[in-house]
There are 2 protein chains.
Amino acid sequence: MKGINMIQLAKELGLSVSTVSKALGDSYEISASTKKRVLELAKKYNYKPNPFASSLRKKKSKQIAVIIPDIVNNFFALAVDGIESVTVNKNYDTFIYLTHENLEREKAVLEHLESGLTSGLIISACTGKDGYGHFQQFYENTKLPIVFFDRVPDLLQFPKVISNNYESTFEATVKLIKAGVKRPVFIATEEPLYTSIERRRGFQAALASHSIKFSDDMILECSDDMDKNYAIIRRLLSGKKRPDGIFASIEKYAITTYQVCKELKINIPRDLKIIGMTNLRTAALLNPSLSTLSQPAFEMGREAASLLIKMIEKKSYAAANDIIVLNNELTIRESV
Amino acid sequence: MKGINMIQLAKELGLSVSTVSKALGDSYEISASTKKRVLELAKKYNYKPNPFASSLRKKKSKQIAVIIPDIVNNFFALAVDGIESVTVNKNYDTFIYLTHENLEREKAVLEHLESGLTSGLIISACTGKDGYGHFQQFYENTKLPIVFFDRVPDLLQFPKVISNNYESTFEATVKLIKAGVKRPVFIATEEPLYTSIERRRGFQAALASHSIKFSDDMILECSDDMDKNYAIIRRLLSGKKRPDGIFASIEKYAITTYQVCKELKINIPRDLKIIGMTNLRTAALLNPSLSTLSQPAFEMGREAASLLIKMIEKKSYAAANDIIVLNNELTIRESV
DNA sequence: CACTTTTACGAAAACGTTGTAGGCGTGCTG
DNA sequence: CAGCACGCCTACAACGTTTTCGTAAAAGTG
């Protein structure tokens, strides 16, 4: 950290520090000519205001935090892209924190951010287990604005950006049924994620609406351990009364299902029809091409960031309790 | 931003602020019993030191910046994952900046960071056009440590983390040739990226080593505009003397090639053999499965971050000019 | 016991901004 | 012409730390 500061600028200009500060801040108190002189000298010396001094004094920063479970996932990568598209225009700097689906890590990040490092948070939560007390706690301690997206704590009163998981999963399941599926299975996360729960509800409602009796073995819970998942899905598809349709509620599960089918030589879509929730660009190129229910990830990130910055900049939004719902997109390809 | 500060802690403890500061910093000047009292009260009030005040006073921060062209790309996402795996342990906060392959944006980010917001930078550059003067300029203005990875400015003396692009592309091209390819085409970026240039060199060297005469039309330059690329690749594959082998030097081009083949009903691998540089997890599930040359993205990120933090924390490394080279991995699948 | 050293703490000055309060001259109003 | 507003600028006190320097008491030394 080097470079020139206001004091030196002021000295060279024969002005006071406050005048320089105000000139740089384009204050009405300063004459146009003085502003010009200040700006020119600042430019000449490539002066950059010290962000720490500024944040300290103003008691706020132009920094936000993004807390997500994973970045090696097209959905979250797209969401970050969407967030950045907003923050870059508003001149906010964006910290990124990955929880790796680990609740302890998520708590640690929040704890860390209680220092006031950032002026707001965008979060996609990593699990619903243990409730969401840490979010509430964080908010009470800091009163900082928080926007959740996708994986939101449904019980808490925070602004949220979500997609229509219930409706779109309903729609997708109906598609499977109409394509002839009699025994669909929903591959779920074992963690009680909000999104997952909504999707599950949509799945069950679709069955009900088509008089298919729901049974517990129509839900297959998978974890974050891909080897285990492989084994679980393999067992499912090797079994005698194996399903003829699968709704994979997250990307990884759809891919694993494909891998298992490839190994077991199960013919998709003849023996098994599949729809996966994913934002994979390569879905259309898989063998066979994968039918997808994809989320408007970029837009979700963008909306979340817009909302957060509104909340940061206008106190009136601080108590905002908006819920923004965007639509998922169903694309039927060869796998159905 | 709220919460308690040192002054209040000191008052309640009947100590001076300096003592509290030193106690929290575990200074040898403070007795064990006093430290204990301070720590306990700090904990009771959930005291968090103000990072701005701290950074201001110490003239350094525990913040680094990651500047990459894109996050919606498995390679960079994995690299960020690798970076984070290090920073999280070292208690650094990580800013993320996306240049979207836009040089002006890259320059703007650097300019912004001249404020000293971060203590170091990890960069994957977006183009070699216009040279790399802005990096040099940034370094001269700030003297901050910078580590480049993957897309590195080959002519500048900065520490770098790269993968063996030349050798591995050589190897991959030889595979194509041995599989019977007579007229290979290398799909290159139009931007003179370091990585791309190395790969191109490896490609040409492989041809030479197998007595295939190189001609300019064996290099097809593509841009960042996917629609244009589609048209360009389509033209290539519709042509009369169309190639029988393709080395796609970046992920997107491999995918587009697949799309074109699908549309033109070109049989892979019979009529066209393909190897793509990519970290796609779904490569094995494509139709046909894609042979890949993949980079150790996570490891590259991890190495870059380790190196950067060493440079930040030990002045001795500041002039380090290390180049760390990791190995790419060639996986031959059905597409060859 | 007279002395040095060590231990444990405090006072105060930074770090670079920003915002408040105030001041001084000029011009305008009644 | 007193009074006032206004335009333009300055002094100074924050913001919450860290660090240097100083010092009183306790402990060690011969």
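Just so it is clear: chains get the letters A, B, ... in the order the sequence lines come, proteins before strands, and each one is counted from 1.
Here B:Met300 contributes atom CE and B:Ile162 contributes atom CD1; the two are 7.5 Å apart, rounded to the nearest 0.5 Å.
Rounded to an integer number of Å, the gap from B:Leu13 CG to C:dC9 P is 11 Å. Remark: P of C:dG19 and CG of A:Leu56 are 12 Å apart, rounded to the nearest angstrom. As a whole-Å value, the separation of A:Lys58 NZ from C:dC15 P is 21 Å. C:dT7 atom P lies 12 Å from atom NZ of B:Lys35, rounded to whole Å. Rounded to a whole Å, the NZ atom of A:Lys60 is 18 Å from the P atom of C:dT17. Summarising the geometry, the separation between CE on A:Met6 and P on C:dC15 is reported as 15 Å, rounded to the nearest angstrom.
By the neighbour-count criterion of 12 heavy atoms within 6.0 Å, atom NZ of B:Lys90 is sparsely surrounded, having that number or fewer from other residues, nucleotides or ligands.
A donor-acceptor contact shorter than 3.5 Å is absent between the side chain of B:Ser54 and the backbone of B:Pro51.
Checked against a 6.0 Å centroid threshold, the rings of B:Tyr139 and B:Phe158 count as neighbours.
Considering only heavy atoms from C-beta on, B:Met311 comes within 4.5 Å of B:Pro159 through its side chain. Taking 4.5 Å as the limit, every side-chain heavy atom of B:Phe135 sits out of range of all side-chain heavy atoms of B:Lys107.
Under the side-chain hydrogen bond (donor to acceptor under 3.5 Å, both in side chains) criterion, B:Asn89 pairs with no residue, sequence neighbours left out.
When each of A:Val17 and B:Thr34 is assigned the nucleotide of DNA chain C bearing its nearest heavy atom, the one mapping closer to the 5' terminus is B:Thr34.
The stretch residues 21-31 of chain B touches DNA chain D through B:Ser21, B:Lys22, each having a heavy atom under 4.0 angstrom from the strand.
Tested against A:Leu121 for a side chain to side chain contact (heavy atoms under 4.5 Å, CB included), the candidates A:Val109, A:Leu308, A:Ile64, A:Leu110 yield a single pass: A:Leu110.
In terms of phosphate contacts, B:Lys59 brings a side-chain nitrogen or oxygen within less than 4.0 Å of OP1 or OP2 of C:dG16. Taking side-chain N and O atoms only, A:Asn50 has no distance below 4.0 Å to OP1 or OP2 of C:dG16.
Where DNA chain D meets chain A (any atom under 4.0 Å from a heavy atom), the bounding nucleotides read 5' to 3' are D:dC8 to D:dG16.
Within the nucleic acid shown, B:Ser54 comes within 4.0 Å of sugar-phosphate atoms alone, with no base atom in reach, counting heavy atoms only.
Minimum atom distance to the side chain of B:Thr19 is reached by C:dC9, of the listed C:dC9, C:dC15, C:dG16.
Note on ring orientation: taking the six-membered ring where Trp is involved, the planes of A:Phe149 and A:Phe75 are tilted (angle from 30° to 60°).
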